Amino acid sequence: MRTSEYLLATQKETPAEAEVISHQLMLRAGMVRKLASGLYTWLPTGLRVLNKVANIVREEMNKAGAIEVLMPVVQPADLWEESGRWEDYGPELLRVKDRHERDFVLGPTHEEVITALVRNEVSSYKQLPLNLYQIQTKFRDEVRPRFGIMRGREFTMKDAYSFHLTQDCLQNTYDRMYQAYNAIFKRMGLEFRAVIADSGSIGGSTSHEFHVLAESGEDSIVFSDQSDYAANVEMAVTLPPSSTNESPLASECVENSSHSSSHENRLTTIMVKGANEENEEEGWVALVLRAEHSLNEIKAEKLVGVKSPLEFATDTQIKELVGCTASDLGPLGLSIPVIVDHAAAAVSNFTCGANLPGKSIINGNWVDTPVSVDIRNVQAGDPSPDGQGTLSIKRGIEVGHIFQLGDKYSSAMNCGVLSETGKHQTLTMGCYGIGVSRIVAAAIEQNHDKFGIKWPDAIAPFTLALIPMNMHKSQRIKDVAENLYNTLINKGIDVLFDDRKERPGVMFNDMELIGVPHSIVIGERNLDNAQVEYKCRRTGEKQLLSIDDVEDFIAAL
RNA sequence: CGGUGAGUGGCGCAGCUUGGUAGCGCACUUGGUUUGGGUCCAAGGGGUCGCAGGUUCAAAUCCUGUCUCACCGACCA
């Protein structure tokens, strides 16, 4: 590609709206332009990266036995009514009507469509297992789109769905996808981690997320320093203390009018809505943690007796029920059910609120050793749940997620086959997503410097920049540049030939901004020795090459 | 949806308090100059100031309404 025939679209200044570095650089490097909130046009440079990412995903999925299909973005509402998600999905599902007033949705995901397809096309166990995928545009009407392409409303996703007769078979495909995902992110040259994850609203049991590690990541992931254990903070379990606390039988409740909030054995009590076994609202529940720990809301709302989603009591409600403020709440003598975190149950001689205005209890102790549960977030330094090593915490950007769905959709939509014994059997499913467009942004978050993007070779928009110095003044430079360009293009290398009549500095800056990993600079200075200069974007390393060696040198990169 | 802030040429901003009919830098066009790290000079083109209404002789500026966008909180690839 010649810059003179290309839409480079680089900018010196960063648009004010861009907060995170990947968004800023994608705008400045001329990769994307915003059309409306969460909606972006991909310019040529951005699209090149997006396509490279998509192709790696496609190749590895094919290798792993998945088969590509393409489903519509617009889907009939009946399918969503059948699965129950027309009601459940909420306002993120963009609903539209056609000219006949029939309801449709813009697909945020494709479980319904694929399940409807498979129940019609597959009728025998002999056709299983089956793993179908597509790389396609999704639409989710996000409450707050942000970070540019990272959380857009319209985005490109690879979604795969597998169908099986047995759990063993599902596990087998799941493992294969897990391996494929590792291969995909490795090929892209990204630093990533697979972690145990919450399966969220999509449903199902076993689930792993794949995170690109970056300081700016929205998720916290934890992992052991001595084993393979890695999990999203949402899911990382804390262990009950090994030595159960032999607490004194009687509680020595000493009331104290002054809040001694800095006490190291202080307990925090949080009041939330209670629920019966059907998750119908019922009364209140107190959650008790050590003050230095934070509540894990996902763990808490999974508890029987706690309303899901979590609903915190307001100051007024606490006042009405207990007669004090939130900070005066304590576990001792409360008339509502009390749920105690492992760590909180293990302390003795603790300080806590006395459920009286302005009063604290010091040297409090549990009357009966309470049954404790895991409701806090793990902290760096906690022991790893697998018993090996301690945990550390890093930030990650979620770029992939694999689930074992079970029969949630197949039974709701009656998707089954005849088994070997001639009986109808409902299928069990897996689903596997990759945020293709998000990977582009995540890769930048992980690979940039003050000059711009530093693409890993595998997903760079161009592999090589050809930068002639003042070509318009030197026929000799022009000849060498044109020759090299033709040679390298014929070799199948993605070359960006900067044939603009620009000053060297402009060219250097643009090529570094858009992050071309390798460049060749052609100047009079080195041409006298039949040499050109090679520069590596990632390492900054420079070296002189004889013109005749360029072809081989680049091919060997 | 709640909280905060912003809408002025393609981008970054000033002007608004103290109404008088729009300005700067970048980018763009032309000519010259310069040439291994965003040269310099000159001459140009482009905006009725988000939208609607109001006050006024006069509104980017004051008032009302409305739309849009960004940032901070609960969801997700």
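Treat the numbers as computed from the prediction; the structure is a model and nothing was measured.
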Record whether the side chain of A/E512 comes under 3.5 Å of the base of B/G38 through a donor-acceptor pair of N or O atoms.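 Looking at the base of B/G38, it does not pair with any donor or acceptor on the side chain of A/E512 (distance under 3.5 Å).
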
Any donor-acceptor pair under 3.5 Å joining the side chain of A/D510 to the base of B/G37?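 No, the side chain and the base share no sub-3.5 Å donor-acceptor pair.
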
In the 5'-to-3' direction, what one-character label does each nucleotide of nucleotides 23-34 of chain B receive under the scheme B = base within less than 4.0 Å of a protein heavy atom, S = sugar-phosphate only, - = no such atom? --BSS------B

Relative to each other, are the rings of A/H208 and A/Y174 parallel, tilted or perpendicular (30° and 60° limits)? tilted

Could you check whether the rings of A/H401 and A/F403 sit parallel, tilted or perpendicular, using 30° and 60° as the cut-offs?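 Answer is parallel, since the angle falls under 30°.
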
Specify the separation, in whole Å, of atom [atom1] of [X] and atom [atom2] of [N].
X      : N     : atom1 : atom2 : answer
A/R151 : B/A77 : CZ    : C1'   : 9 Å
A/L27  : B/G10 : CG    : C1'   : 13 Å
A/L35  : B/G10 : CG    : P     : 15 Å
A/N509 : B/G38 : CG    : C1'   : 5 Å
A/E92  : B/A77 : CD    : C1'   : 11 Å
A/K450 : B/G38 : NZ    : P     : 14 Å
A/R28  : B/G12 : CZ    : P     : 13 Å
A/I477 : B/U35 : CD1   : P     : 14 Å

Quantified in whole Å, what is the [atom1] atom distance between nucleotide [N] and nucleotide [M]?
N     : M     : atom1 : value
B/G19 : B/U55 : C1'   : 11 Å
B/G12 : B/G38 : C1'   : 16 Å
B/C67 : B/A52 : P     : 15 Å
B/G45 : B/A14 : C1'   : 22 Å
B/C62 : B/U8  : P     : 16 Å
B/U48 : B/C1  : C1'   : 37 Å
B/C16 : B/A60 : C1'   : 7 Å
B/C11 : B/C28 : C1'   : 12 Å

Who passes side-chain hydrogen bond (donor to acceptor under 3.5 Å, both in side chains) against A/N483, sequence neighbours left out?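 None.
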
Could I get the full list of side-chain hydrogen bond (donor to acceptor under 3.5 Å, both in side chains) partners for A/S294, not counting sequence neighbours?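 So A/S294 forms a side-chain hydrogen bond (donor to acceptor under 3.5 Å, both in side chains) with A/N377.
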
Looking at A/R537, A/M511, A/K535, which hits side-chain contact (heavy atoms from CB on, under 4.5 Å) with A/S519? A/K535

Which is true for A/M511 with a 4.0 Å heavy-atom rule: it touches a base, it touches only sugar-phosphate, or it touches nothing? nothing

Hey, does A/N232 reach any base, or is it just sugar-phosphate, or nothing, if we go heavy atoms under 4.0 Å?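 Counting heavy atoms under 4.0 Å across all strands, no contact is made by A/N232.
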
By salt bridge (charged side-chain N to carboxylate O under 4.0 Å, His left out) - contacts of A/K34 (at least two apart):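 Applying salt bridge (charged side-chain N to carboxylate O under 4.0 Å, His left out) to A/K34 gives A/E17.
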
Are any of the side-chain nitrogens in A/E301 or A/K307 under 4.0 Å away from the carboxylate oxygens of its partner?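 Between A/K307 and A/E301 there is no salt bridge, as every charged N stays at least 4.0 Å from the carboxylate O atoms.
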
A/E111/A/R85 ion pair, N-O < 4.0 Å: yes

Looking at [options], which one has an atom nearest to any side-chain atom of [X]?
X      : options             : answer
A/M157 : B/A77, B/G36, B/C11 : B/A77
A/R438 : B/A77, B/G38, B/G36 : B/A77
A/F403 : B/C76, B/A77, B/G36 : B/A77

5' precedence on RNA chain B between A/I298 and A/R500 (nearest-nucleotide basis): A/R500

Along RNA chain B (nearest heavy atom to each residue), the more 5'-positioned of A/F508 and A/E234: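 Result: A/F508.
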
Would you indicate whether the side-chain heavy atoms of A/M31 and A/V440 approach each other to under 4.5 Å?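 They are in contact (side-chain heavy atoms under 4.5 Å apart), so the answer is yes.
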
Taking only Watson-Crick and G-U wobble pairs with both distances under 3.5 Å, what dot-bracket line describes RNA chain B, where [ ] shows pairs that cross earlier ones and | shows pairs with another strand? ((((((((.[[[[.)....(..]]]].(((((.......))))).....[[[[[..)....]]]]])))))))....

Return the polar atom pairs (N/O with N/O) between nucleotides 70-74 of chain B and the protein under 3.5 Å, or none.
residue, atom, partner, partner atom, Å
B/A70, OP2, A/S37, OG, 3.1
B/A70, O3', A/E17, O, 3.3
B/C72, OP2, A/R144, NH1, 3.2
B/C72, OP2, A/R144, NH2, 3.0
B/C72, N4, A/R144, NE, 3.3

Where is the tightest heavy-atom contact between [X] and [Y], given as atom of each residue plus distance?
X      : Y      : value
A/E218 : A/F147 : CD-CE1, 3.7 Å
A/A18  : A/T14  : CB-CG2, 4.4 Å
A/T268 : A/A291 : OG1-CA, 3.2 Å

Below 6.0 angstrom between ring centroids: does that apply to A/Y178 and A/F210? yes

Could you tell me whether A/R193 sits above the aromatic face of A/F223, with NZ or CZ closer than 6.0 angstrom to the six-membered ring centre and within 45 degrees of the axis?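 Ring-cation test returns yes.
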
Charged tip of A/R33 within 45° of A/W42 ring normal and under 6.0 Å: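 No, a cation-pi geometry is absent between A/R33 and A/W42.
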
Donor-acceptor pairs are to be reported for all side-chain atoms of residues 524-533 of chain A against protein atoms at under 3.5 Å, with residues two or more places apart or in another chain.
residue, atom, partner, partner atom, Å
A/E524, OE1, A/R476, NE, 3.3
A/E524, OE1, A/R476, NH2, 2.4
A/E524, OE2, A/S474, OG, 2.7
A/D528, OD1, A/R476, NH1, 3.2
A/D528, OD1, A/R476, NH2, 2.7

Qualifying ring-ring contact (aromatic ring centres under 6.0 Å, His included) pairs, either residue in residues 47-72 of chain A, two or more places apart: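 The answer is none; no pair qualifies.
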
Sorted by first residue and then second, give each ring-ring contact (aromatic ring centres under 6.0 Å, His included) pair with at least one member in residues 512-537 of chain A; sequence neighbours left out.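 Residue pairs passing ring-ring contact (aromatic ring centres under 6.0 Å, His included), neighbours aside: A/H518-A/Y534, A/Y534-A/F553.
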
Stacking check: are the rings of A/F155 and B/A77 less than 5.5 Å apart at their centres and under 30 degrees in tilt? yes

Specify the residues of residues 59-70 of chain A, ordered by number, for which at least one heavy atom lies under 4.0 angstrom from an atom of RNA chain B. none

Tell me which residues in residues 532-550 of chain A put a heavy atom below 4.0 Å from RNA chain B, sorted by number, or none. A/E533, A/K535

All side chain to side chain contact (heavy atoms under 4.5 Å, CB included) counterparts of A/I393, not counting sequence neighbours: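 Residues passing side chain to side chain contact (heavy atoms under 4.5 Å, CB included) with A/I393: A/S220, A/V222, A/A380.
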
